[in-house]
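Reviewing the structure listed below.
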Amino acid sequence: MPARDRLIILGSLAALVAIAWVYLWFAPMPMPATSGGLDTTHYAAMTFAMWAVMMVGMMVPSVTPVVLLYHRTQRHWRPDAALAHTSAFIGGYLLAWTLFSVLATWLQIRWIHSGWIDDMGVASSRNIAAFMLMALAIYQWAPAK
């Protein structure tokens, strides 16, 4: 892979991650009481932004080797369009995590409503915490993962 392409990819991904972490560092965590209430558009939008940006900050570093491998294969098959195809690959990856963020936002609001978690995301009882951990453990072993 040409050094120029590698630098563009690594620099772009590093910039995305840096922007995400700076945002998460300085942006306040959305709280229902300071956002007009649990059922407001403002709270949902701020919670979604938190989830989406957090996914970029956490998941982009782990996919970087795959992005570089994908780009190398694209350079072999489509030398003139490799960066464009790699950008589309990254865009699809980010879209998948953005859709996950929609689900996470919805679940967070529903679980706060139901009393399963409090405004900080802490489980309201040991039984609920145990149930959530068991559900996540089952998911980790599931073929759907």
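This is a predicted model, so every value here is computed, not measured.
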Heavy-atom side-chain contact between Met50 and Met46 under 4.5 Å |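 Met50 does not reach Met46 side chain to side chain.
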Side chain to side chain donor-acceptor pair (under 3.5 Å) with Thr86: which residues, sequence neighbours excluded?
->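 Here the qualifying residues are His71.
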Set of residues satisfying side chain to side chain contact (heavy atoms under 4.5 Å, CB included) with respect to [X], sequence neighbours excluded:
{"X": "His85", "result": "Tyr70, Gln74, Arg78, Ala81"}
{"X": "Ile8", "result": "Arg4, Ser12, Leu83"}
{"X": "Val53", "result": "Ala20, Tyr23, Leu24"}
{"X": "Val63", "result": "Val66, Val67, Tyr93"}

Hey, what do you get for [atom1] ([X]) to [atom2] ([Y]), rounding to the nearest 0.5 Å?
{"X": "Arg72", "Y": "Trp77", "atom1": "CZ", "atom2": "CH2", "result": "14.0 Å"}
{"X": "Leu68", "Y": "Thr73", "atom1": "CG", "atom2": "OG1", "result": "11.0 Å"}
{"X": "Leu16", "Y": "Trp21", "atom1": "CG", "atom2": "CH2", "result": "14.0 Å"}
{"X": "Thr64", "Y": "Ile90", "atom1": "OG1", "atom2": "CD1", "result": "8.0 Å"}

Other than Trp25, what residues sit in its cluster of Ile, Leu, Val, Met, Phe, Trp and Tyr side chains whose heavy atoms are under 4.5 Å apart, directly or through others?
->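 Members alongside Trp25: Val22, Phe26.
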In a table with atom names and distances, give each donor-acceptor pair under 3.5 Å that connects a side chain of residues 103-112 to protein atoms at least two apart or in another chain.
residue, atom, partner, partner atom, Å
Thr105, OG1, Phe48, N, 3.4
Thr105, OG1, Ser101, O, 2.8
Gln108, OE1, Trp51, NE1, 2.8
Gln108, NE2, Tyr43, OH, 3.3

Can you check whether Ile117's main-chain N or O pairs, donor with acceptor, with Ser124's side chain at less than 3.5 Å?
->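 No; judged by distance alone, with no hydrogens or angles, the pair does not exist.
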Would you find a donor on one side and an acceptor on the other, under 3.5 Å apart, between the side chain of Trp97 and the backbone of Met55?
->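 No; zero donor-acceptor contacts below 3.5 Å.
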If you look only at distance, which donor and acceptor atoms sit under 3.5 Å apart when one is on a side chain in residues 127-143 and the other is two or more places apart or in another chain?
residue, atom, partner, partner atom, Å
Gln140, OE1, Lys145, NZ, 2.9

